[in-house]
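Have a look at the structure below before the remarks.
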Protein chains: 2
Amino acid sequence: MNDHSCVKMKTAIIERKKRMTERSTATRRPTIKEVARLAGVSHQTVSRYLRSRNGLKPDTLARIDAAVSELNYRPNLVARSMRTRRTGRLAILLPTVAFNPARMLHGATEAAHEGGFSVEVVSVIGDTGTRTERMLEIAGTGQVEGILALAPLSPGFEDHLPHGETIVVAPDFDDEMRGIGELADASPLVELMEGLVEFGHRRFLHVAGNLQFASARARKAAYLETIERLGLESAGAVDGDWSGKSGYDAVHSLPDEALPTAVVAANDVVAAGAIRALIDRGLDVPGQVSVTGWDNNEVCQYLPPALTSVEVDLESLGRNAMLSLIKSISGRDLEPPPGPLQRVVWRESTGPAHR
Amino acid sequence: MNDHSCVKMKTAIIERKKRMTERSTATRRPTIKEVARLAGVSHQTVSRYLRSRNGLKPDTLARIDAAVSELNYRPNLVARSMRTRRTGRLAILLPTVAFNPARMLHGATEAAHEGGFSVEVVSVIGDTGTRTERMLEIAGTGQVEGILALAPLSPGFEDHLPHGETIVVAPDFDDEMRGIGELADASPLVELMEGLVEFGHRRFLHVAGNLQFASARARKAAYLETIERLGLESAGAVDGDWSGKSGYDAVHSLPDEALPTAVVAANDVVAAGAIRALIDRGLDVPGQVSVTGWDNNEVCQYLPPALTSVEVDLESLGRNAMLSLIKSISGRDLEPPPGPLQRVVWRESTGPAHR
DNA sequence: TCGAAAATAGTGATCGTTCACCATTGCAGG
DNA sequence: CCTGCAATGGTGAACGATCACTATTTTCGA
């Protein structure tokens, strides 16, 4: 074990004690006026310097530069907010199910940072109503300029937004599947099904995710549309909730004669549940039934059989969603990252249809 | 597909347009003075009312109550921050690997909310150095009163904290395994190993997580200590990085004669990798080798065989970590949630030792 | 009924920045 | 040497709350 660690924790606690006792004598942060005095200019000149260094004599500029770094000056953003009436803060509303939000969060927060915003993250366990309520509460404080909701909100929430000041972008509500709706782009599902058809599959089963999510709705819609278009058989499009249990139950409750030769699950967790149910029924995957997932969950790559899935560039997805929020707020149009955001990865869980 | 959704998106965009054009004529938020005027009292009286309603005549109180709700008044927190020199904001530094942070984040943000703080979340991809740098940058802005680091930081980071104003709590650095060090409590690992010994296992293998994490160090230490204490054989304690690949490689590279009868993995993903490597070598789990994980990953419950793991109450863990930060800052001692935070769940991947 | 203490209310300064406006300087052209 | 215009710099008032005071009213025992 690493000895340094104990030392570290102690130091942190000392740090705290120091602060407690020194609170009164704590060295205050330098202000714009002190910088001005040291540089021999007025505070207004320093204020100009802070926002844009244009329009200042090179000499003045150098003197302020020196003063700033000597005092280690950092502008007080609270005071700035107060005067400008802009907080530069955004909020992200996070779902607590469905997928690991870490990478998506990373993409979103980085994009916000680059756009000069700081981000408050709120994750809400509970139903759509609770989440919406919490969102309205946050909007009501006037502390944030915009909210990015990565989880479904109640219909009609806009009517309760106070003062029309806070902008809410909810990519998951865009069923048009473009731009900020990338989250709900179900086209890889079509690719999966067409691939399975090439393998000779004709009879499918879909286990959907929580249909409050646009992505779940889009996948289900794409499934039904593809069944129709290619004239396939469907053993059903079962409503689920992104859980392994929903996948297990959907397969488990199917009568023998109704079994499909391919299961298209809404995500990898559901797929894992479905595979287990198939195995428990004594069926071989992919020998007798093929299964596909979505999200490229790391564990599912090590499943026996390794799961065919859709690799999703969650980081870019998060970034794009945030960029669209920033665009709504500031009008600035930042360029989204290039490249495809979703890609089918064929693995062992899919194969030729059993006859 | 749900028709409501399109409507919703359009409304959101309308909301935005409205704001753009109305920016000038936007109704300003009411201030404390307007409330005072409407209630027929001084602004100071309203200020008192806002912080504690004690010490006001019932009559006055009722009048202010009425004025507040009539104007729909909400205090301007920026102005308050400015005067009190307290921002009421905390930051959480998130790792982007190792585990799904959603529930932990939820626990932490809820606790902060209850304590009257708002939370900024920052997730940093990259090495410890990058993360530490970013943390110091955040501390330097003076915008946050404290930082909760759920990912490892570079040793000696405290020396670079500016002004000693921002408190940093890094539970992961506490190797004492108590209080805020619950994250690193490895005692369930001992329980796992003792259970395996009862099953007749004598020869073990440990695949560790990223040793920059205290939890990984604690588990490895507990493993080695238990081997020693019970006089068992160890096929090694391989250093890993929380990835499935590290689990797969660790087992894959072992010579036949060095194989253990039980693999204790640092987490479920590593365990899944290890199981796959065992299967690929033609070994049966748990028939020939038992495997344990950690985190109770949902997918792993549907693995064939369902993985024996450690259920972790991530929400409470996150809450506790946040409570300790709040305690450091405000001295307030909020009660942590009761109950055990980690619990061994025996499933199919463990069984009697093969002889 | 009076006086002192306690309870309640009011006044003006203050936090650190930006904004609106005015003052000064430099420079070219008459 | 003066005028006019740009370029730069300075002054004081916001922003909306809290704090440290002071002022007024109420309470209550003697």
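We name chains A, B, ... by the order of the sequence lines, and we start the count at 1 in each one.
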Using a cut-off of 4.0 Å on non-hydrogen atoms, how would the nucleic acid contact of [X] be classed: base, sugar-phosphate, or nothing?
{"X": "B:Y73", "answer": "sugar-phosphate"}
{"X": "B:V41", "answer": "sugar-phosphate"}
{"X": "A:S81", "answer": "nothing"}

For [X] and [N], what is the distance between atoms [atom1] and [atom2] respectively, to the nearest whole Å?
{"X": "B:R63", "N": "C:dT8", "atom1": "CZ", "atom2": "C1'", "value": "12 Å"}
{"X": "A:K33", "N": "D:dT11", "atom1": "NZ", "atom2": "P", "value": "11 Å"}
{"X": "A:R86", "N": "D:dC15", "atom1": "CZ", "atom2": "P", "value": "19 Å"}
{"X": "B:D59", "N": "C:dA7", "atom1": "CG", "atom2": "C1'", "value": "15 Å"}
{"X": "B:R80", "N": "D:dG16", "atom1": "CZ", "atom2": "C1'", "value": "11 Å"}
{"X": "B:R37", "N": "D:dA17", "atom1": "CZ", "atom2": "P", "value": "14 Å"}
{"X": "B:L61", "N": "C:dA9", "atom1": "CG", "atom2": "C1'", "value": "14 Å"}
{"X": "A:E34", "N": "C:dC15", "atom1": "CD", "atom2": "C1'", "value": "13 Å"}

Establish whether the base of C:dT14 is bridged to the side chain of B:R83 by a donor-acceptor pair shorter than 3.5 Å.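 A donor-acceptor contact between them is present.
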Does any part of the side chain of [Y], heavy atoms only, come nearer than 4.5 Å to the side chain of [X], both counted from C-beta?
{"X": "B:E133", "Y": "B:S154", "answer": "no"}
{"X": "B:L325", "Y": "B:F117", "answer": "no"}
{"X": "A:E110", "Y": "A:H106", "answer": "yes"}
{"X": "A:R85", "Y": "B:R29", "answer": "no"}
{"X": "B:T109", "Y": "A:V122", "answer": "no"}

Going through the distances and angles, do A:I92 and A:M322 end up as a side chain to side chain contact (heavy atoms under 4.5 Å, CB included)? CA-CA 9 Å; A:I92 299 180; A:M322 182 53 81; 3.7 Å; yes
Do any side-chain nitrogens or oxygens of [X] fall under 4.0 Å of OP1 or OP2 in [N]?
{"X": "A:T84", "N": "C:dT17", "value": "no"}
{"X": "B:S47", "N": "D:dT18", "value": "yes"}
{"X": "A:T45", "N": "D:dG10", "value": "yes"}
{"X": "A:S42", "N": "D:dG10", "value": "yes"}

Enter the inter-axis angle for the ends of the helix from C:dT1-D:dA30 to C:dG30-D:dC1 (five pairs per end, rounded to 10°). 50°
Distance-only donor-acceptor check, side chains B:R89 and A:S118, under 3.5 Å: yes
Between A:R134 and A:T130, is there a side-chain donor-acceptor contact under 3.5 Å, judged purely by atom types and distance?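 On atom types as modelled, these side chains do not qualify, holding no pair under 3.5 Å.
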A quick test of your reading: do over 12 heavy atoms of other residues, nucleotides or ligands sit less than 6.0 Å from CD of A:E34? yes
Could you work out which one of D:dG16, D:dC19, C:dT18 sits closest to the side chain of B:A79? D:dG16
Are B:L90 and B:L148 close enough, and set up right, to give a side chain to side chain contact (heavy atoms under 4.5 Å, CB included), and what steps lead you there? CA-CA 8 Å; B:L90 305 175; B:L148 177 62; over 6 Å; no
Using the 3.5 Å cut-off, write out each protein N or O paired with an N or O of nucleotides 20-27 of chain D and the distance between them.
none

Start at the 5' end of DNA chain C and walk down; is the nucleotide closest to B:R85 or to B:H43 reached first? B:H43
